Amino acid sequence: MTKIGVIGAGKWGSALAFALSEKCEVYITSRTPRDIKNFISLEEILKLEYLVIAIPAQQISSWLEENFKYNNQKILVASKGIEATTGRFLNEIYAKYVPNENIAFLSGPSFAAEVIKSLPTALVINSKNEKLSAAFASFFPSFIKTYTSTDVVGAEIAGAYKNVIAIAAGICEGLNLGKNASASLISRGLVEMHRFAKEYGAKDETFIGLSGAGDLFLTASSIMSRNFRVGLGIAEGKSKEEIVKELGEVAEGIGTTYALYEIAKKKDLYLPIAKEVYNMLEGTDPHVSLSNFLAS
Ligand SMILES: NC(=O)C1=CN([C@@H]2O[C@H](COP(=O)(O)OP(=O)(O)OC[C@H]3O[C@@H](n4cnc5c(N)ncnc54)[C@H](O)[C@@H]3O)[C@@H](O)[C@H]2O)C=CC1
Ligand SMILES: O=C(CO)COP(=O)(O)O
């Protein structure tokens with residue numbers, strides 16, 4: 001049996017550890033020791049050949065700098081986000097530590113809460129190394145259908161950007177603007193994230209498939225999404241600090257909105273929804289912001 005180490009025992013790391021244990025021998029670690037099955041130290045887990053890293057995007061670069069030792073491991077990145085302080089994508093951050101041929105990125109519509117119940121799910125493994133994608137794909141259980149793709153940057157941007165659109169969709173729902181507004185917001189969100197990703201050479205099919213439309217439709221239409229719930233909080237007039245405290249889990253859309261705002265300024269890009277989400281996170285009245293992109 002292949003041994004896999006999962007780093008990060010939050011919602012997603014725990015669900016992936018559960019799923020992968022159908023076919024593999026899975027070990028897990030996190031910052032603080034936990035009383036869970038097959039929990040081992042970081043030092044021990046870094047000796048394994050296959051690793052899944054499920055810690056929040058905003059913490060990746062400091063975590064790698066302080067903890068990671070490259071030892072020819074093969075990595076599957078499960079995080080979805082863009083670094084707020086630098087605007088760097090995760091594949092750029094990891095490039096300093098892991099060669100291209102040893103890294104893959106996970107994408108697709110997948111609430112941890114459903115994976116942990118073995119509900120049917122479809123995921124995409126994205127890597128420049130097709131042999132590596134195939135290897136990771138083969139580790140997933142029967143209730144998860146896996147696809148592979150070489151469009152790393154497209155999948156990464158789709159997974160990060162949909163969280164920002166999910167915040168906007170939560171605001172739309174919280175303000176009771178109706179299904180027409182919600183559908184137009186989500187479809188325009190898809191156009192916006194696709195246009196942004198094209199700047200970086202992403203493929204069109206990534207955006208009409210599971211990684212793009214699939215994950216966007218899931219996250220931007222369900223209260224199960226933490227990012228959607230951030231939007232509901234904004235609609236209630238709460239500050240982002242209050243919302244994050246109440247949530248108690250990561251909502252990557254917040255950091256990613258700040259990253260996109262800076263990238264848009266630097267590269268002079270038109271990202272209207274991300275810009276209004278930024279304004280609302282900074283305290284603009286959501287009625288004003290929403291009417292900026294929904295009204296004529
Ligand atoms: N929960 C979900 O349904 C899904 C989550 N994701 C992505 O997976 C990533 C993790 O999300 P969740 O597990 O849901 O979040 P979570 O809030 O449940 O857990 C985050 C985990 O990261 C660890 N962590 C935080 N800062 C750290 C640091 N500096 N060093 C080491 N470990 C640290 C925490 O201890 C915790 O175990 C995010 O990027 C999220 O977007 C992707 C798909 C589905
Ligand atoms: O990425 C996810 C589902 O694919 C999880 O979304 P949230 O982080 O908004 O809960």
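Residues: numbered from 1 along the sequence shown. In each ligand, atom 1 is the first atom listed, and ligand 1 is the first ligand listed. It should be emphasised that the depicted structure is a prediction, and the values quoted were computed from it without experimental measurement.
Classified by interplanar angle (parallel below 30°, tilted 30° to 60°, perpendicular above 60°), the ring pair Phe143/Phe18 is tilted.
Counting heavy atoms under 4.0 Å from ligand 1, residue Trp12 touches it through both backbone and side chain. At a 4.0 Å heavy-atom cut-off, ligand 2 touches Thr219 through the side chain alone. Only the side chain of Gln59 comes within contact range of ligand 1, with a heavy atom under 4.0 Å; no backbone atom does. Heavy atoms of Ala9 found under 4.0 angstrom from ligand 1 belong exclusively to the backbone.
What sits closest to atom 1 (O) of ligand 2 on the protein, heavy atoms only, is Lys162 NZ, 2.7 Å. Atom 3 (O) of ligand 1 has Ala112 N, 2.8 Å as its closest protein atom, hydrogens excluded (heavy atom only). Scanning the protein heavy atoms around atom 1 (N) of ligand 1, the nearest turns out to be Arg226 NH2, 3.2 Å. Closest protein heavy atom to atom 38 (C) of ligand 1: Glu252 OE2, 3.2 Å. Nearest protein neighbour of atom 25 (C) of ligand 1, counting heavy atoms only, is Arg31 NH2, 3.3 Å. At the shortest separation from atom 4 (O) of ligand 2 among protein heavy atoms lies Asp215 OD1, 2.7 Å. Here the heavy atom of the protein found nearest to atom 9 (C) of ligand 1 is Ser79 CA, 4.0 Å. For atom 10 (C) of ligand 1, the closest non-hydrogen atom of the protein is Ala54 O, 3.7 Å. Looking only at heavy atoms of the protein, atom 7 (C) of ligand 1 is closest to Ala78 O, 3.6 Å.
For Lys275, the NZ atom counts as loosely surrounded, since its 6.0 Å shell holds 12 or fewer non-hydrogen atoms of other residues, nucleotides or ligands. Counting non-hydrogen atoms of neighbouring residues, nucleotides and ligands closer than 6.0 angstrom, the NZ atom of Lys23 exceeds 12 such neighbours. By the 6.0 Å contact criterion, NZ on Lys47 is enclosed, its count of non-hydrogen atoms from other residues, nucleotides or ligands being greater than 12. Enclosure of atom CG in Asn71 by more than 12 non-hydrogen atoms of other residues, nucleotides or ligands within 6.0 angstrom is indicated.
Under a 4.0 Å criterion applied to the non-hydrogen atoms of Ser110, ligand 2 contributes the atoms 3 (C), 4 (O). When each atom of ligand 2 is checked for a heavy atom of Gly108 under 4.0 Å away, the hits are 4 (O). Which parts of ligand 2 touch Leu218 is read off a 4.0 Å heavy-atom cut-off, strictly below it: atoms 3 (C), 4 (O). Here is the list of ligand 2 atoms found below 4.0 Å of a heavy atom in Asn227: 7 (P), 8 (O), 9 (O). Counting the atoms of ligand 2 from 1 in the order shown, those under 4.0 Å from a heavy atom of Lys80 are 1 (O), 2 (C), 3 (C), 4 (O). Proximity to Arg34 (heavy-atom distance under 4.0 Å) selects the following atoms of ligand 1: 37 (O). The ligand atoms of ligand 1 that sit less than 4.0 angstrom from a heavy atom of Phe111 are 3 (O).
Counting only distance, with no hydrogens or angles, the side chain of Glu192 and the backbone of Tyr270 share no donor-acceptor pair below 3.5 Å.
Hydrophobic clustering (ILVMFWY, side-chain heavy atoms < 4.5 Å, transitive): Val52 and Leu46 are in distinct clusters.
Within the structure, ligand 1 lacks Gly81 among the residues with a heavy atom less than 4.0 angstrom away. No heavy atom of Glu114 sits closer than 4.0 Å to any atom of ligand 1.
Considering both main-chain and side-chain atoms, Lys11 comes within under 3.5 Å of ligand 1 through a nitrogen or oxygen pair. At under 3.5 Å, a nitrogen or oxygen of Val250, whether backbone or side chain, sits near a nitrogen or oxygen of ligand 1. Looking at ligand 1, you won't find any N or O of Glu249 less than 3.5 Å from one of its N or O atoms. An N or O contact shorter than 3.5 Å links Gly10 to ligand 1 by distance. Below 3.5 Å of separation, one finds an N or O of Ser225 facing an N or O of ligand 2. The shortest N or O to N or O distance between Pro56 and ligand 1 is not below 3.5 Å.
Ring to ring, Phe140 and Phe136 are not that close: their centroids are 6.0 angstrom or more apart. Here Tyr27 and Phe39 keep their ring centres 6.0 angstrom or further from each other.
For Ala202 against Gly154, the heavy-atom pair with the smallest separation is CB-CA, 3.4 Å. The nearest pair of heavy atoms linking Phe139 to Cys24 is CB-SG, 3.6 Å. Closest approach of Thr206 and Ala155 over heavy atoms only: CG2-N, 3.6 Å. For Ser289 against Glu276, the heavy-atom pair with the smallest separation is OG-OE1, 2.5 Å.
Applying the 4.5 Å side-chain rule to ILVMFWY residues, one finds Tyr147, Leu210 in the same cluster as Val124.
Salt-bridge formation is not detected for the pair Lys3/Glu49: no Lys NZ or Arg NE/NH1/NH2 atom is positioned less than 4.0 Å from an Asp or Glu carboxylate oxygen.
Relative to atom 44 (C) of ligand 1, the option among Ser110, Gly13, Ser107 with the closest non-hydrogen atom is Ser110.
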Using a 3.5 Å cut-off and no angle test, enumerate the donor-acceptor pairs between side-chain atoms of residues 106-118 and protein atoms at least two apart in sequence or in another chain.
| unit_1 | atom_1 | unit_2 | atom_2 | d |
| --- | --- | --- | --- | --- |
| Ser107 | OG | Asn126 | ND2 | 2.9 |
| Ser107 | OG | Ser211 | OG | 2.8 |
| Ser110 | OG | Gly108 | O | 3.0 |

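Both tests hold for Lys267 against Tyr200: distance to the six-membered ring centre under 6.0 Å, angle to the ring axis within 45°.
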